> 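Provided herewith is a single structure, encoded as structure tokens, for subsequent inquiry.
Worth saying up front: this structure is predicted, and the values here are computed from it rather than measured.
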Amino acid sequence: MNLKEEIIRLKKELDVTLVAHFYQRDEVFELADITGDSLELAKKAKETDSKYVVFCGVGFMGESVKVLSPEKTVLMPKIACCAMARMIDEGYYEQNLRIINEAGIPNENILPITYINSSAAVKAKVGQMGGMVCTSSNAYKIIEKGLESSKKIFFVPDRCLGQNFAKSLNLKSAVVGDGSNLKEADIICYNGFCSVHQLFTVEDVEFYREKYPDILIAVHPECDPKVCDMADFVGSTSQLIKYIKELPVEQKVAVGTEFNMVNRLRQKNTYILSSTKPECPTMNETTLEDVYRTLKSIEDDNISEETLIKVNDDVIKWARVALERMLEI
Ligand code: 13P
Ligand code: SF4
């Protein structure tokens, strides 16, 4: 049996849209009907009219589709949880709010914004407090909008993204629990991070610049602020792809984001900005066999509970509010 042909057959025969994030393995990515960054995937998956969405990515992405389109059956061949999203749950969210309150900032003066890399339950907490979701491609716009409230922004869970966008907006940031002064900050960040993007260091940038003086450095905003400060370009996965594809082929560029995506970008003059292979273990979990098994379970009317995305109605209600606020902007 040819797995690829079987997947193509099943997709056609069943009412399925196969969705994949840029970080997926090549063999999975190539078969997807929809590909994109987190924002594009949330929007496009919402717009499909197919009954089943089979989502190859990490848990929060499948959950976002379910929250925006509860009538759809959303399946994930592997419900792999983004390590950063796992760093915050409702309890930690509340605990951080208490610390902020104890620093003399009451909830009425706080507007929460959550990076899309968070669970639906955390998004719901944010939605209930009047806040919204952002992604790496629209964070600038969303934070600017949030600031119109004249409240302090509580940014969760990625401290790097919060710090990077605070800098680009000429604002002060602080991180809960690291001893920085929360009262003086415009953006108060939760102390979460992406272990994959922490692999790119100042030394890596220096190494490449010394080796190839004309090289450009392009990184994702989940990288450390010191690395982003040194880069020639900082952008979401889609923005990085556009930037790199538009460069002349002879232009060398070192890229600070996940391996699968960088590897398929261009044949020549593209380097990984790290001596360690920056693979996202959870994004890499989904295999072609997993996709096939999931599609076959639809055909056989034998869907496994383990692949089915379920979000309770209360969470859907408020997480949707937070996501819709972002989509409106
Ligand atoms: P994008 O929103 O840029 O696709 O990023 C998602 C992600 O998880 C990056 O690590
Ligand atoms: Fe999460 Fe980092 Fe993987 Fe992106 S690269 S999905 S932030 S663990």
> Is the closest side-chain heavy-atom distance between C56 and V19 below 4.5 Å?
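Sidechains of V19 and C56: no contact.
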
> Quick check against the 3.5 Å criterion: does N138 have a side-chain atom that pairs as donor or acceptor with the backbone of K141?
no

> Would you call the rings of Y212 and Y208 parallel, tilted or perpendicular, where under 30° means parallel and over 60° means perpendicular?
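Answer is parallel, since the angle falls under 30°.
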
> Could you grab the distance from atom CD of E258 to atom SG of C194, nearest 0.5 Å is fine?
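It is 9.5 Å, given to the nearest 0.5 Å.
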
> With hydrophobic residues grouped by side-chain heavy-atom distances under 4.5 Å, do V28 and V58 end up in a single group?
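No, no single cluster joins them.
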
> Are the charged groups of E206 and R209 less than 4.0 angstrom apart, N to O?
no

> For the pair F22 and I241, evaluate side chain to side chain contact (heavy atoms under 4.5 Å, CB included) and give the outcome as yes or no after the intermediate values.
CA-CA 10 Å; F22 291 127; I241 291 172; 3.6 Å; yes

> Under 6.0 Å from the NZ atom of K183, do we count more than 12 heavy atoms belonging to anything else shown?
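No - once you tally the heavy atoms of other residues, nucleotides and ligands closer than 6.0 Å, there are 12 at most.
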
> Are any of the side-chain nitrogens in D186 or K172 under 4.0 Å away from the carboxylate oxygens of its partner?
no

> Please round to the nearest 0.5 Å and tell me the distance separating atom CD of E222 and atom OG of S236.
10.5 Å

> Any sub-3.5 Å donor-acceptor pair from D290's side-chain atoms to T287's backbone N or O?
yes

> A side-chain contact here means heavy atoms from C-beta on lying under 4.5 Å apart; do L323 and M326 qualify?
yes

> Could you grab the distance from atom CD of E6 to atom CG of L288, nearest 0.5 Å is fine?
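If we round to the nearest 0.5 Å, E6:CD and L288:CG are 11.5 Å apart.
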
> More than 12 heavy atoms of other residues, nucleotides or ligands under 6.0 Å from OH of Y92: yes or no?
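Counting other residues, nucleotides and ligands, OH of Y92 stays at 12 neighbours or fewer.
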
> Do you know which two heavy atoms are closest between M283 and Q24, and how far apart they sit?
O-NE2, 3.0 Å

> List the residues meeting salt bridge (Lys or Arg N to Asp or Glu O under 4.0 Å) with K11, not counting sequence neighbours, and say none if there are none.
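Scan of K11 (salt bridge (Lys or Arg N to Asp or Glu O under 4.0 Å), adjacent residues dropped) gives D33.
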
> Taking atom CD of E13 as the centre, report whether more than 12 heavy atoms of other residues, nucleotides or ligands fall under 6.0 Å from it.
yes

> Treating K152 as the side-chain partner and A185 as the backbone partner, does any N or O pair qualify as donor plus acceptor under 3.5 Å?
yes

> Counting only N and O atoms by type, is there a donor-acceptor contact under 3.5 Å from the side chain of N164 to the main-chain atoms of C160?
yes

> How about E94: does its CD atom have over 12 heavy atoms from other parts shown lying under 6.0 Å from it?
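Yes, the 6.0 Å shell around CD holds more than 12 heavy atoms from other groups.
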
> Any non-hydrogen side-chain atom of E305 less than 4.5 Å from a side-chain atom of K310?
yes

> L273 versus I217: any side-chain heavy-atom pair under 4.5 Å?
yes

> E148 vs K145, test: salt bridge (charged side-chain N to carboxylate O under 4.0 Å, His left out). Steps then yes/no.
CA-CA 5 Å; E148 285 174 14; K145 182 76 190 167; 3.2 Å; yes

> Establish whether I215 and V234 are linked, either directly or via other cluster members, by ILVMFWY side-chain heavy-atom contacts under 4.5 Å.
yes

> Mind checking the NZ-OG1 spacing from K72 to T48? Nearest 0.5 Å is all I need.
4.0 Å

> If you round to the nearest 0.5 Å, how far is CG of D204 from CD1 of I272?
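One gets 11.0 Å once the value is rounded to the nearest 0.5 Å.
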
> Mind checking the CD1-OG1 spacing from I142 to T114? Nearest 0.5 Å is all I need.
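OG1 of T114 is found 12.0 Å from CD1 of I142.
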
> Check this for me, if you would: do D314 and K317 make a salt bridge, where the nitrogen-to-carboxylate-oxygen distance has to be below 4.0 angstrom?
no

> May I have the step-by-step check of side chain to side chain contact (heavy atoms under 4.5 Å, CB included) for K211 and Y271, ending in yes or no?
CA-CA 12 Å; K211 194 162 179 203; Y271 301 83; over 6 Å; no

> Please report the shortest heavy-atom distance between V196 and E279, naming the atom on each side.
CG2-O, 3.8 Å

> Mind listing the closest non-hydrogen atom pair of C223 and V219 along with its distance?
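For C223 and V219, the tightest heavy-atom pair comes out as SG-CB, 3.9 Å.
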
> Out of curiosity, does I188 fall in the hydrophobic cluster containing I88 (side-chain heavy atoms, cut-off under 4.5 Å, transitive links)?
yes

> Verify the cluster assignment for Y243 and F259: are they in a single hydrophobic cluster under the rule of side-chain heavy atoms below 4.5 Å apart?
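In one cluster: yes.
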
> Between R9 and E299 (salt bridge meaning N to carboxylate O under 4.0 Å), is one present in this structure?
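Yes, this pair counts.
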
> Sub-3.5 Å donor-acceptor pair from the side chain of R325 to the main-chain atoms of M132, do we have one?
no

> How far apart are the closest heavy atoms of F165 and A139, and which atoms are they?
CE1-CB, 3.6 Å

> Using modelled atom types only, decide if a donor and an acceptor are shared between the side chain of K123 and the backbone of I116 within a distance under 3.5 Å.
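Yes, because the side chain of K123 sits within donor-acceptor range (under 3.5 Å) of the backbone of I116.
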
> Given 3.5 Å as the limit, does a donor-acceptor pair link the side chain of Y190 with the main chain of M87, or not?
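Yes, Y190 side chain to M87 backbone: donor-acceptor pair under 3.5 Å.
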
> Has the side chain of D37 got a donor or acceptor atom that lies under 3.5 Å from a matching backbone atom of L39?
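It does hold such a pair.
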
> Whether K242 and E246 form a salt bridge (side-chain N of Lys/Arg under 4.0 Å from carboxylate O of Asp/Glu) is what I want to check.
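The answer is yes: the pair qualifies as a salt bridge.
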
> Decide, yes or no, whether a salt bridge links E30 with K4 under the criterion of side-chain N to carboxylate O below 4.0 Å.
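Result for this pair is yes, salt bridge flagged.
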
> Tell me whether R159 contacts the main-chain N or O of G162 through its side chain, where contact means a donor paired with an acceptor under 3.5 Å.
no

> Under 3.5 Å, is there a donor-acceptor pair between the N191 and D178 side chains?
no

> Would you say E63's side chain and A120's backbone share a donor-acceptor pair under 3.5 angstrom?
yes

> Within a strict 4.5 Å, meaning less than it, do heavy atoms of the L3 and E289 side chains meet?
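Heavy-atom side-chain distance check passes, below 4.5 Å.
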
> Can you give me the closest heavy-atom contact between H220 and T257, atom names plus distance?
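Closest heavy-atom pair between H220 and T257: CB-OG1, 3.9 Å.
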
> Indicate yes or no: at least one non-hydrogen side-chain atom of Y115 is less than 4.5 angstrom from one of P157.
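Side-chain contact under 4.5 Å: yes.
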
> Looking at every non-hydrogen atom in both residues, tell me the closest pair between I316 and V311 and how far apart they are.
CD1-O, 3.5 Å

